[in-house]
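What you see is a predicted model; the values in this text were computed from it and never measured.
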Amino acid sequence: MTTAQTQDLDVQPTPLALLLLGREADPRSERGVECPGDLPSPSDPDLVARARAAKEKLGDKVFVLGHHYQRDEVIQFADVTGDSFKLARDAAARPEAEYIVFCGVHFMAESADILTGDEQKVVLPDLAAGCSMADMATAEQVAECWDVLTEAGVAEEVVPVSYMNSSADIKAFTGKHGGTICTSSNAERALEWAFEQGEKVLFLPDQHLGRNTAVRDMGMSLDDCVLYNPHKPNGGLTAEQLRNAKMILWRGHCSVHGRFSLDSVKDVRERIPGVNVLVHPECKHEVVEAADYVGSTEYIIKALEAAPAGSKWAIGTELNLVRRLANRFAPEDKEIVFLDKTVCFCSTMNRIDLPHLVWTLESLAAGKLVNQISVDRETEAFAKLALERMLALP
């Protein structure tokens with residue numbers, strides 16, 4: 001149907017349609033939808049030179065962070081690379097940098113703002129670079145969940161544990177209610193700590209990391225876990241189910257890691273005899289159970305570094321990283337392939353491209369602060385409390 005036809009029918013776009021088109025903003029959402037300013041053309045042959053010149057002009061005033069899932073065209077300008085928490089800590093360790101340019105997604109930039117000094121300014125090159133997983137748990141939904149737990153008479157027994165991949169609001173909720181943050185590397189330690197504090201854990205927002213850690217790493221059963229669906233009354237659970245559960249898992253997931261299936265594992269084993277299947281713990285439980293190795297992004301990188309020459313690997317994580325690792329280790333005769341046949345980038349992470357980075361660096365070099373990510377003081381205080389509990393874990 002053409003635009004003229006829709007006008008003839010007096011059809012009005014819905015708020016959701018406008019949001020998806022980037023013409024409206026949702027203040028309740030963790031992600032942004034606008035990037036003000038005139039971006040340079042992606043076909044500009046001078047983009048690399050422009051980025052380099054702007055970065056050199058800024059000197060020590062700017063510190064560029066590059067998440068592992070970023071495009072190669074962006075990662076080449078990163079002063080450090082890593083996962084979200086490592087990068088936030090790296091930023092905090094550079095107090096002389098006035099500008100922290102975070103080539104990642106919104107929740108990562110929020111974490112950097114929480115951990116860096118008040119005089120430092122965290123910038124996200126594209127405000128539309130959000131995280132679908134983080135968006136699956138809003139402050140209002142989690143507050144309602146806590147009311148459900150209270151009505152069921154179990155709230156006093158529950159300790160919230162929130163994955164790093166969550167908004168500042170969710171981290172603040174966690175800190176306010178005596179909980180801690182975890183990464184995919186220390187989720188088991190965080191859960192052990194939480195069960196020392198209470199009888200049950202509310203795990204936000206990734207159900208798969210929570211389930212895999214509880215069942216695979218800590219020996220619980222699937223029956224110990226229940227799934228809270230924020231879109232159903234009372235989360236779709238009875239008071240008895242909540243009372244019997246040890247792990248109350250939030251119904252959230254990673255749109256990239258959730259793509260991998262048991263068929264993906266079976267298929268790659270048939271195609272590549274002797275292949276080692278290595279997946280991220282954000283994958284579904286049946287995929288993790290079928291894999292040979294399971295671990296965080298940093299674990300995946302270290303495993304491939306230590307792998308013998310001639311070994312074969314199928315990796316279940318974001319494609320930018322897998323492709324970069326395949327190129328890196330090809331001279332060592334290590335065969336590295338993407339676990340799924342279907343190409344899948346993290347679409348929101350990929351919004352940070354070279355034109356956005358050039359626009360950001362040139363704006364800062366001209367003395368114009370753009371796309372600053374700033375967490376309000378109260379949210380920051382409680383979120384930092386939760387993060388500090390994680391840092392204190394043995």
Residue list, side chain to side chain donor-acceptor pair (under 3.5 Å) with Arg251, at least two apart or on another chain: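 By the side chain to side chain donor-acceptor pair (under 3.5 Å) rule, Arg251 matches no residue at all.
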Partner set under side chain to side chain donor-acceptor pair (under 3.5 Å) for Asp376, not counting sequence neighbours: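 With neighbours one apart ignored, the set is Thr379.
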ring-ring contact (aromatic ring centres under 6.0 Å, His included) involving His280 - partner list, sequence neighbours excluded: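 Partners of His280 under the ring-ring contact (aromatic ring centres under 6.0 Å, His included) test: His257.
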Neighbour count above 12 (heavy atom, 6.0 Å) for [X] [atom1]:
X: Glu378; atom1: CD; answer: no
X: Glu156; atom1: CD; answer: no
X: Gln372; atom1: CD; answer: yes
X: Arg269; atom1: CZ; answer: yes

Sorted by first residue and then second, give each ring pair (Phe, Tyr, Trp, His ring centres under 6.0 Å) pair with at least one member in [range]; sequence neighbours left out.
range: residues 374-394; answer: none
range: residues 285-319; answer: Tyr293-Trp313
range: residues 314-334; answer: none
range: residues 127-152; answer: Trp146-Phe173, Trp146-His177

CD1-OG distance between Ile373 and Ser111, expressed to the nearest 0.5 angstrom: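 Rounded to the nearest 0.5 Å, the CD1-OG separation comes out at 11.5 Å.
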Between CG on residue Leu321 and CG on residue Leu304, distance to nearest 0.5 Å: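 Nearest 0.5 Å value for the CG-CG distance: 8.5 Å.
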Lys/Arg-Asp/Glu bridge criterion (N-O < 4.0 Å) met for Asp44, Arg50: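 Here Asp44 pairs with Arg50 in a salt bridge, since their nearest N and O are under 4.0 Å apart.
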Passing option when Val294 is tested against Asn212, Val288, Val287 for side chain to side chain contact (heavy atoms under 4.5 Å, CB included):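 The residue from Asn212, Val288, Val287 that satisfies side chain to side chain contact (heavy atoms under 4.5 Å, CB included) with Val294 turns out to be Val288.
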Any pair counted as salt bridge (Lys or Arg N to Asp or Glu O under 4.0 Å), so long as it reaches residues 216-240, sequence neighbours left out: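 Qualifying pairs: none.
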Pairs where residues 59-71 contributes a residue and the test salt bridge (Lys or Arg N to Asp or Glu O under 4.0 Å) is met, not counting sequence neighbours: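 Sorted pair list: Lys61-Glu98.
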Connected hydrophobic set around Val215, excluding itself, where side chains approach under 4.5 Å: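 ILVMFWY cluster around Val215 also holds Leu222.
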With sequence neighbours excluded, residues passing side-chain contact (heavy atoms from CB on, under 4.5 Å) with Gln141: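 side-chain contact (heavy atoms from CB on, under 4.5 Å) check on Gln141 returns Thr138, Pro230, His231, Trp250.
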Set of residues satisfying side-chain contact (heavy atoms from CB on, under 4.5 Å) with respect to His253, sequence neighbours excluded: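 Expected list: Met136, Asp206, His208.
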